[in-house]
Structure formats: C-alpha cells, structure tokens
Amino acid sequence: MVQFDHLPSGLFMQSITLKRPDDWHIHLRDDTYLERTVKDAARYFGRVLVMPNLIPPVTDVNLARAYRDRILAHAPDHFTPVMALYLTDATTTDTVVAASQSGFTPAFKLYPAGATTNSAFGVNAVEAMFPIFEAMQKQDVILSIHGEVTDEGVDIFDREAMFIDTMLTRIVTEFPDLRIILEHITTKEAVQFVSAASAKVAATITVHHLMYNRNDMLVGGMKPIHYCLPILKRDIHQQALIEAATSGDASFFLGTDSAPHPRHAKESACGCAAGCYTAHAAIELYAEVFQNEDALDKLEGFASEYGADFYRYERNPDTITLEPLAWQVDESLTFGSDELIPTRGGETVQWKVTAGERS
C-alpha cells in the first residue's frame with residue numbers, strides 16, 4: 001500500500017513510499033555502454049525486462065544467459081534482469097520450450113522487420129509466426145509486441161492503429177490464452193483495445209509518451225531528444241495514455257522503453273536515432289505525471305504491482321520513498337566513450353528518491 005506522510009498542517013504532502021518498482025521494457029545496450037545503463041536502471045528498479053535488439057540479436061536462451069551475465073557484472077545485489085528473446089522468422093518451437101523452462105526468459109519480443117531500432121532481423125510476415133504463437137500459448141510464454149505496421153503507404157502517425165486493426169485483433173482472436181503485451185502504446189485506439197480485451201492482454205506505457213506529444217517534438221523546429229518509435233502523437237492520444245496510466249486499471253503498467261543513443265547518432269541531421277533515455281529519472285518523472293492528475297495513490301499499482309502480477313513474479317518486498325524535492329538533471333551523461341543526452345537534461349525534476357536507492 002502507498003504510504004503518504006504529511007506535514008503537521010496536513011496541507012502539503014511530504015513523501016510517498018511504495019513497493020520497489022519494476023521496469024518491464026528497457027534497452028540496456030551492451031559492452032562499454034552497460035556501465036551507464038545498468039547503474040541507472042538498478043538505482044531503484046527491482047527487475048527490468050531487457051530488450052533483445054542487439055546486433056546480432058538475442059534469439060535463444062544461451063545468448064540471453066550470456067547477455068544477462070554481462071549485465072550482472074555491472075549490477076548491485078538484488079537487481080534482477082529478466083530477458084526477452086528476439087522473435088525471428090527462424091524461431092523454432094524448441095526455442096519456445098527452452099525459454100519456458102529457463103526461469104529468466106518469460107517473453108519473446110515481436111518486431112515487425114524495419115519498425116524500429118535494430119529491427120532488421122524481425123518478422124517479415126506475422127501470419128507465418130502463428131505456429132510459434134501456438135507453442136507460446138501452450139508453454140505460457142508471453143508475446144511482447146512492437147505494434148506497428150511497416151507499410152510505406154501508411155502514415156507514420158497511423159501505424160499503431162493500423163496494426164491493431166489488421167493484425168493484433170486477429171492474434172488475440174486466434175490465440176485467446178496467449179498472454180500478450182502491446183508495448184509502449186501511443187494512441188487512444190490502443191488504450192481502447194487493451195481496456196476492452198481479456199485479462200490476457202496488457203500494455204506498457206512510457207513516461208515520455210505521458211509527458212510529451214508531437215507538438216513538443218515539432219513546434220519551433222525538430223527536437224531530436226523527443227524522437228522515438230512509436231512516434232509521439234497528438235495531445236488527444238497523450239491524454240488517453242495519461243488517463244489509462246492513472247486509472248488503476250491493472251492492464252496498464254510501467255515500461256520505460258528507455259533507449260540510449262550516443263549524442264552524435266541522436267542529433268544526426270539525417271537518420272536521427274529513435275529513442276528517449278529516461279532511466280536516469282524514470283520513477284521521478286512518472287511521479288510528476290501522476291501528481292499532475294491528483295493520482296499519486298495509483299502510482300504503486302502502475303509501477304510496482306500490475307507488471308509483476310502479469311509476469312507472475314512476486315511483488316518486491318522492499319520499498320522506495322520519494323519526496324517533492326527539486327533537482328537538476330545533468331545536461332549530458334557519460335556513455336562509454338560517448339556522450340548521452342538524457343530526457344530533461346539540464347532541466348529540473350520535481351520529485352527525488354530519498355530512500356531505497358542502491359549505490
């Protein structure tokens with residue numbers, strides 16, 4: 001249960017204590033980048049679901065185990081990386097069985113080929129994967145989906161809604177017992193679909209899609225810091241996401257999709273890298289959003305409970321505490337031998353974790 005502390009007047013909230021949160025969608029990258037990303041992710045998250053879109057991708061349990069070991073080499077005690085496997089046209093039912101038995105690979109990530117960063121190895125025809133979905137349903141392995149079509153004729157702002165209409169509806173109908181997560185949703189159509197679906201269907205919501213809409217990215221000139229995929233949408237979609245996240249509906253839970261890129265790739269004049277880095281201040285930024293909606297009492301469910309329940313992990317037994325203390329985000333962060341510009345870099349964040357942080 002969320003615990004609120006108040007000043008003697010009872011008029012101003014002093015702090016909020018909640019079960020240690022988890023991040024059910026994060027990119028940690030690899031090699032020299034891991035020192036930065038693992039440090040930030042492990043600061044207060046108990047578990048993170050690590051995306052597999054490395055080059056080459058993490059396609060089986062052995063590769064996932066090796067990647068997990070590289071992550072843990074930089075991690076403090078009690079931090080748990082949970083690994084997603086990359087679904088490709090070559091994925092076999094044996095790989096699905098091995099994933100179900102590993103204890104640390106509870107999900108496969110479906111990237112339509114060409115949909116986002118390092119998705120070239122992804123699925124070319126979703127219908128061809130139906131035998132694999134059948135095996136996943138049988139083995140109770142989660143299907144995690146980047147839900148966008150990649151047809152050149154479909155406007156980039158419509159690709160999520162089109163995927164829901166043309167593909168996701170069919171998958172849910174064909175495989176009613178398959179647990180499915182529509183990742184980093186960005187549209188009111190996605191909110192409506194997940195809200196109306198069975199308890200087997202859920203969605204993650206990023207903090208940058210809660211904080212920003214496409215005006216923030218485009219008005220006054222293109223701002224690469226806000227460029228991500230799925231792309232930011234209109235404010236009506238942003239508001240639908242905020243309402244879903246703060247509703248207390250267990251179908252929606254925290255997944256940052258924190259995705260670091262070196263500054264030279266992020267600010268490239270041609271081919272700007274897609275992704276927003278939020279791991280440095282994720283729970284603090286979510287707290288801002290929830291406070292703005294007078295919904296801080298809903299933050300613990302969204303951040304600490306619903307995701308663990310869907311993935312069938314025990315909720316974390318320990319807690320973190322946040323206080324409304326303003327602090328300034330560094331303008332840039334060290335990222336291996338490169339420089340990383342974080343979301344809200346150089347700006348002020350209104351909440352600070354004051355207890356439960358790991359060093």
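Bear in mind that the values here come from a model prediction, so they are computed numbers and not experimental data.
In plain terms, the two heavy atoms of Val96 and Val141 that are nearest each other are O-CG2, 4.1 Å. Between Pro81 and Phe79, the shortest heavy-atom distance links the atoms CD-O, 3.5 Å. Summarising the geometry of Leu333 relative to Tyr277, their closest heavy-atom pair is CD1-CE2, 3.9 Å, with the distance given to 0.1 Å. Taking all atoms of both residues into account, the shortest heavy-atom contact from Glu174 to Phe130 is CG-CE2, 4.1 Å. Closest approach of Ala84 and Leu49 over heavy atoms only: N-CD1, 4.1 Å. Contact record, Tyr286 with Ile205: OH-O, 2.8 Å, taken as the closest heavy-atom pair.
Leu18 has its side chain within reach of Leu322: a pair of non-hydrogen atoms, C-beta onward, lies under 4.5 Å apart. Inter-residue side-chain proximity for Trp327 and Gln350 is flagged as unmet; no heavy-atom pair is nearer than 4.5 Å. A 4.5 Å side-chain heavy-atom check between Phe310 and Lys200 finds every atom pair outside the cut-off. Using a 4.5 Å heavy-atom cutoff, the side chains of Ser100 and Asp140 are not in contact. A heavy-atom distance below 4.5 Å is not found between the side chains of Glu148 and Tyr111. Counting heavy atoms from C-beta on, the side chains of Val349 and Val329 come closer than 4.5 Å. Side-chain contact between Tyr33 and Asp338 is present, with heavy atoms from C-beta onward closer than 4.5 Å. At least one side-chain heavy atom of Pro112 sits under 4.5 Å from a side-chain heavy atom of His146.
At a threshold of 4.0 Å, the pair Asp155-Arg159 does not count as salt-bridged, since none of the basic side-chain nitrogens sits closer than that to a carboxylate oxygen. Of the charged side-chain nitrogens involved, at least one lies within less than 4.0 Å of a carboxylate oxygen, so that Asp30 and Arg70 count as a salt-bridged pair.
Of the possible polar contacts, none joining the Ser268 side chain to the Ala265 backbone as a donor-acceptor pair under 3.5 Å is found. Judged by distance alone, with hydrogens and angles left aside, the side-chain atoms of Glu331 form no donor-acceptor pair with the main-chain N or O of Gly346 at under 3.5 Å. Remark: side-chain polar atoms of Thr105 are not paired, donor with acceptor, to backbone N or O of Ser102 under 3.5 angstrom. The backbone N or O of Met211 sits less than 3.5 Å from a side-chain atom of Gln238, completing a donor-acceptor pair. Counting only distance, with no hydrogens or angles, the side chain of Asp330 and the backbone of Ser332 share no donor-acceptor pair below 3.5 Å. A donor-acceptor pair is defined here as one N or O able to donate and one able to accept, closer than 3.5 Å; no such pair exists between the side chain of Thr32 and the backbone of Gly336.
A side-chain donor-acceptor contact under 3.5 Å links Ser251 and Asp249. Between the side chains of Glu293 and Thr246, no donor-acceptor pair is found at a separation under 3.5 Å. Between the side chains of Thr319 and Lys19, no donor-acceptor pair of N or O atoms lies under 3.5 Å. In this structure, a donor-acceptor pair under 3.5 Å is absent between the side chains of Thr116 and Ser119. Side-chain contact of Asn213 with His237: a donor-acceptor pair under 3.5 Å is absent, judged by distance alone. Looking at Glu323 and Ser15, their side chains never bring a donor and an acceptor atom within 3.5 Å of each other. A donor atom on one side chain and an acceptor atom on the other are not found under 3.5 Å apart for Thr343 and Thr278.
In this structure, Phe252 has its ring center at least 6.0 angstrom away from the ring center of Tyr306. Aromatic ring centroids of Phe108 and Tyr86 lie 6.0 Å or more apart.
Tested against Phe253 for a side chain to side chain contact (heavy atoms under 4.5 Å, CB included), the candidates Asp23, Ile181, Asp22 yield a single pass: Ile181. Screening Lys109, Arg179, Glu183 against Ser144 for a side chain to side chain donor-acceptor pair (under 3.5 Å) leaves a single residue, Glu183. When His280, Gln328, Glu288, Glu284 are each tested for a side chain to side chain donor-acceptor pair (under 3.5 Å) with Arg344, only one passes: Glu288. With His184 as the partner, the ring pair (Phe, Tyr, Trp, His ring centres under 6.0 Å) test is satisfied by one option alone out of His208, His209, His25: His25. Evaluated for a salt bridge (charged side-chain N to carboxylate O under 4.0 Å, His left out) with Glu357, the options Arg20, Arg43, Lys352 yield exactly one hit, Arg43.
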Next on the checklist: Between Leu296 and Trp351, is the side-chain contact (heavy atoms from CB on, under 4.5 Å) condition met? List the steps.
Outcome noted: CA-CA 12 Å; Leu296 280 169; Trp351 285 85; 3.7 Å; yes

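Note: His226 and Tyr212 have tilted aromatic rings, judged against thresholds of 30 and 60 degrees for the angle between ring planes. Aromatic ring orientation, Tyr311 versus Trp24: parallel (interplanar angle below 30°, classes split at 30° and 60°).
Here the CD1 atom belonging to Ile156 is positioned 5.5 Å from the CG atom belonging to Leu229, to the nearest 0.5 angstrom.
For the pair Arg68 and Phe104, the distance from NZ or CZ to the six-membered ring centre is under 6.0 Å and the angle to the ring normal is within 45 degrees. Geometrically, Arg358 does not engage Tyr44 in a cation-pi contact, judged by NZ or CZ lying under 6.0 Å from the ring centre and within 45° of the ring axis.
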